[in-house]
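By convention here, the first residue in the shown sequence is residue 1.
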Amino acid sequence: MKKGQIVEGIVKEVQFPNKGIVHVEGEEKTVVVKNAITGQKVRASINKMRKGKAEGRLLEVLEHSQVETESDCIHFAECGGCTYRTLPYEEQLNMKAAQVKKLLDEVCGSYEFEGIKGSPKQQGYRNKMEFSFGDAFKDGPLALGMHKRGSFYDIITVNNCRIVDEDFRKILTCVLEYFADTGATFYHKLRHEGYLRHLLVRKGQKTGEILVDLVTSSQWNSEQPEEEILASLTEKLCALSLQGKIAGVLHTVNDSLADIIQNDRTDILFGQDYFYEELLGLKFKISPFSFFQTNSLGAEVLYETARSYVGETKDRIIFDLYSGTGTIAQILAPVAKKVIGVEIVAEAVEAAKENAALNGLSNCEFKAGDVLKVLDDISDKPDIIVLDPPRDGIHPKALVKIIEYYGCDHMVYISCKPTSLARDLVTLQEYGYGVKKVCCVDMFPGTQHVETIALLQKSNRKRKPDTHVKLSLDMEDYYRIKDQEK
């Protein structure tokens, strides 16, 4: 096989996160094709050859899998937001659980795999969406929604998106129609010109409170004053008939060259710049850019599972490392002696302190800084450590320091990327931590993502490092971290 070759074949399995392993007709080799489903017959174009391994871009599904059904979303064929909406939910759960178990079986000894817990809602479950402005094709009409599958530039207007509720769809349609009439231009990523960039919508699943944040550049070039345009938009949004209630309408200026939502300045056009959400009886104040799990009901399942893994907490000190806005710390605090959270994002730490006060929790302490450095300044010694790092997992030096500095008997590791978890579990087992049990929680129905919780217990026996096991993990992650070590 060579680059540019068109191949056809059957998808034998899907490895995490969405890597279809295609057995090519007439060949003994396989090709990795993303966004394919087990049992499909697909046509793909080879776009990468590396060390004898081929990767291809999905061109067409020639035959569907026997387990597939019609998608309930009209945008599915084009939108890059969801991958598995043609799979019945039970099939999605089985696939994700099997993917995680296969990854962990490669690196772990004997452990109890407790399967996967589904999201309480499979439709309209998201409490946050970041929509992008653009066009569906070059020089086409204004669009507002998600990136087209496999495209960095084209935008699909997702006014019938199924992973959000009707309020999100009404707000999106209102904003798109309004700016289409004004003739405002979207921000071109290559030329770095234009005004409209993103629309951020957040809504409390429990409270129904909504924040709407229009994100633009500072390049306003219309004869009509920008203030009048934004005031008129605000009136239209507040006049919408919604199930929830708009708590605030905001305008954020973002002049970053990167295609990200960056807050250079935020002005309140109406109401306030925060809303409230509730989890497991606790209340949380959420700002436009603060981290909060995007599936509120699924988060309750995740945190209840984590709490059960933590076990007995009475008179114990718990460390919540990579604590974000302190959600886990506050859920554990009512039944613990003390909880200390460490987070590198200072804004998140301030939010954690404010939420702890809001919930009347006096035994929570939050520290801002890199875990690798902050641990030196903490005099308390933990009885239990909860790890909830970002997608790339824990920096190797920080992980070794956590292990050697405390030697804590129990750890609970919450991961949003199973390949990062598997890599870190290799190190943890080398230092004497055995994996006792693992459970998955599906926070993102219809997508390839899955959360995983692992309970680790320290023993006196250390495992000999296994280089072969390390190399069987996600190679890009592994070599990136080795470069960081150097």
Legend entry - Between CG on residue Leu211 and CD1 on residue Ile171, distance to nearest 0.5 Å: 10.0 Å
Inset, instruction - Can you tell me which residue pairs pass the ring pair (Phe, Tyr, Trp, His ring centres under 6.0 Å) test with a partner in residues 113-149, sequence neighbours excluded? - result: none
Inset, instruction - For residues Asn127 and Phe275, determine if any side-chain heavy atom of one lies less than 4.5 Å from a side-chain heavy atom of the other. - result: no
Legend entry - By side-chain contact (heavy atoms from CB on, under 4.5 Å) - contacts of Asp388 (at least two apart): Ile328, Ile414
Inset, instruction - State, without any angle test, whether Asn295 and Gln293 hold a side-chain donor-acceptor pair at a distance under 3.5 Å. - result: no
Inset, instruction - Considering only NZ, NE, NH1 and NH2 on the basic side and carboxylate oxygens on the acidic side, decide whether Glu55 and Lys53 come within less than 4.0 Å. - result: no
Inset, instruction - Drop me the distance from Met95's CE to Gln15's CD, to the nearest 0.5 angstrom. - result: 12.5 Å
Inset, instruction - Report the residues that fulfil salt bridge (charged side-chain N to carboxylate O under 4.0 Å, His left out) with Glu68, sequence neighbours left out, ordered by chain and then residue number. - result: none
Legend entry - Backbone of Val435 reached by a side-chain donor or acceptor of Gln429 within 3.5 Å: no
Legend entry - N/O donor-acceptor pair under 3.5 Å between Asp320 side chain and Gly326 backbone: no
Legend entry - From Lys148 atom NZ to Cys79 atom SG, the distance as rounded to the nearest 0.5 Å: 11.5 Å
Legend entry - Lys/Arg-Asp/Glu bridge criterion (N-O < 4.0 Å) met for Glu25, Lys41: yes
Inset, instruction - Give a yes or no on whether the backbone of Lys2 and the side-chain of Gln5 come within a donor-acceptor separation of less than 3.5 Å. - result: yes
Legend entry - NZ/Lys34: more than 12 non-hydrogen atoms of other groups inside 6.0 Å: no
Legend entry - Qualifying residues under side-chain hydrogen bond (donor to acceptor under 3.5 Å, both in side chains), relative to Lys101, sequence neighbours excluded: Asp105
Inset, instruction - Not counting sequence neighbours, which residues clear ring-ring contact (aromatic ring centres under 6.0 Å, His included) with His188? List them please. - result: Phe186
Legend entry - Heavy-atom check, side chain of Val342 versus side chain of Phe319, under 4.5 Å: no
Inset, instruction - State, with a plain yes or no, whether a side-chain heavy atom of Val249 is found less than 4.5 Å away from one of Leu233. - result: no
Inset, instruction - Would you confirm whether Asp167, through its side chain, and Gln243, through its main-chain N or O, come within 3.5 Å as a donor-acceptor pair? - result: yes
Inset, instruction - Return the minimal non-hydrogen interatomic distance between Tyr187 and Gln219, and the atom names on each side. - result: CE1-NE2, 3.8 Å
Inset, instruction - Verify, without hydrogens or angle tests, whether Glu277 (side chain) and Gln205 (backbone) share a donor-acceptor contact under 3.5 angstrom. - result: yes
Inset, instruction - Verify salt bridge (charged side-chain N to carboxylate O under 4.0 Å, His left out) between Lys236 and Glu177, making sure each step is shown before the conclusion. - result: CA-CA 11 Å; Lys236 289 184 177 296; Glu177 291 179 350; over 6 Å; no
Legend entry - Between CZ on residue Phe168 and CG on residue Leu242, distance to nearest 0.5 Å: 11.0 Å
Inset, instruction - Compute whether any side-chain donor of one residue and acceptor of the other, for Thr305 and Lys117, lie under 3.5 angstrom apart. - result: yes
Legend entry - Test item: Arg169 side-chain N/O and Cys161 main-chain N/O as donor-acceptor pair under 3.5 Å: yes
Inset, instruction - For residues Val24 and Lys29, determine if any side-chain heavy atom of one lies less than 4.5 Å from a side-chain heavy atom of the other. - result: no
Inset, instruction - Heavy atoms only: give me the nearest Ala351-Thr325 pair and the separation to one decimal. - result: CB-CG2, 4.1 Å
Legend entry - N/O donor-acceptor pair under 3.5 Å between Ser65 side chain and Thr38 backbone: yes
Inset, instruction - Can you sort out the partners of Glu300 under side-chain contact (heavy atoms from CB on, under 4.5 Å), two or more places apart, ordered by chain and number? - result: Lys206, Leu279, Leu280, Leu297
Legend entry - With Glu347 via salt bridge (charged side-chain N to carboxylate O under 4.0 Å, His left out) - residues at least two apart: none
Inset, instruction - Classify the side-chain pair Asp213/Thr266 by whether it contains a donor and acceptor separated by less than 3.5 Å. - result: no
Inset, instruction - Tell me, please, which residues at least two apart from Glu404 pass salt bridge (charged side-chain N to carboxylate O under 4.0 Å, His left out). - result: none
Legend entry - Atom CD of Glu70: over 12 foreign heavy atoms under 6.0 Å: no
Legend entry - Considering all heavy atoms, the nearest Pro418-Phe16 contact: CD-CZ, 3.1 Å
Inset, instruction - Taking the side chain as every heavy atom from C-beta outward, state whether His64 and Gln40 have any pair of such atoms under 4.5 Å apart. - result: yes
Inset, instruction - Using the test side-chain contact (heavy atoms from CB on, under 4.5 Å), find all partners of Asn159 that sit at least two apart in sequence or belong to another chain. - result: His75, Thr157, Leu172, Thr173
Legend entry - Validation row: Phe292, Lys128 side chains within 4.5 angstrom (heavy atoms): no
Legend entry - pair Ile21-His23: side-chain heavy atoms closer than 4.5 Å: no
Inset, instruction - Please test Val33 against Val7 for side chain to side chain contact (heavy atoms under 4.5 Å, CB included), starting from the C-alpha separation and ending with a verdict. - result: CA-CA 11 Å; Val33 179; Val7 297; over 6 Å; no
Legend entry - Short side-chain to backbone donor-acceptor contact, Gln92 and Leu87, under 3.5 Å: yes
Legend entry - Closest approach of Pro288 to Leu200 (non-hydrogen atoms, all atoms of both residues): O-CD2, 3.4 Å
Inset, instruction - Would you check if Ile453 and Glu451 make a side-chain contact, meaning some heavy-atom pair closer than 4.5 Å? - result: no
Donor-acceptor pairs under 3.5 Å, side chain of residues 437-450 to any protein atom, not counting sequence neighbours: which ones?
residue : atom : partner : partner atom : Å
Asp442  : OD1  : Lys96   : NZ           : 2.7
Asp442  : OD1  : Phe444  : N            : 3.4
Asp442  : OD2  : Tyr89   : OH           : 2.6
Thr447  : OG1  : Phe444  : O            : 2.8
Thr447  : OG1  : His449  : N            : 3.3
Gln448  : OE1  : Thr83   : OG1          : 2.9

Inset, instruction - Working to the nearest 0.5 Å, report the span between NE2 of His251 and CD1 of Ile229. - result: 11.5 Å
Inset, instruction - List for me each residue that meets salt bridge (charged side-chain N to carboxylate O under 4.0 Å, His left out) alongside Arg149, sequence neighbours excluded, and say none if there are none. - result: none
Legend entry - Side chain Ser45, main chain Arg57, donor-acceptor under 3.5 Å: no
Inset, instruction - Can you label the angle between the Trp220 ring and the Tyr195 ring as parallel, tilted or perpendicular, going by 30° and 60°? - result: perpendicular
Legend entry - side-chain contact (heavy atoms from CB on, under 4.5 Å) partners of Gln457, counting only residues at least two apart: His410, Lys436
Legend entry - For Ser290 against Arg202, the heavy-atom pair lying closest together: O-NH1, 2.8 Å
Legend entry - Backbone of Asn263 reached by a side-chain donor or acceptor of Thr252 within 3.5 Å: no
Legend entry - Nearest non-hydrogen partners of Lys417 and Asp392, listed with the distance: NZ-OD1, 4.1 Å
Legend entry - Ile155 side, atom CD1; Glu78 side, atom CD - distance, nearest 0.5 Å: 12.0 Å
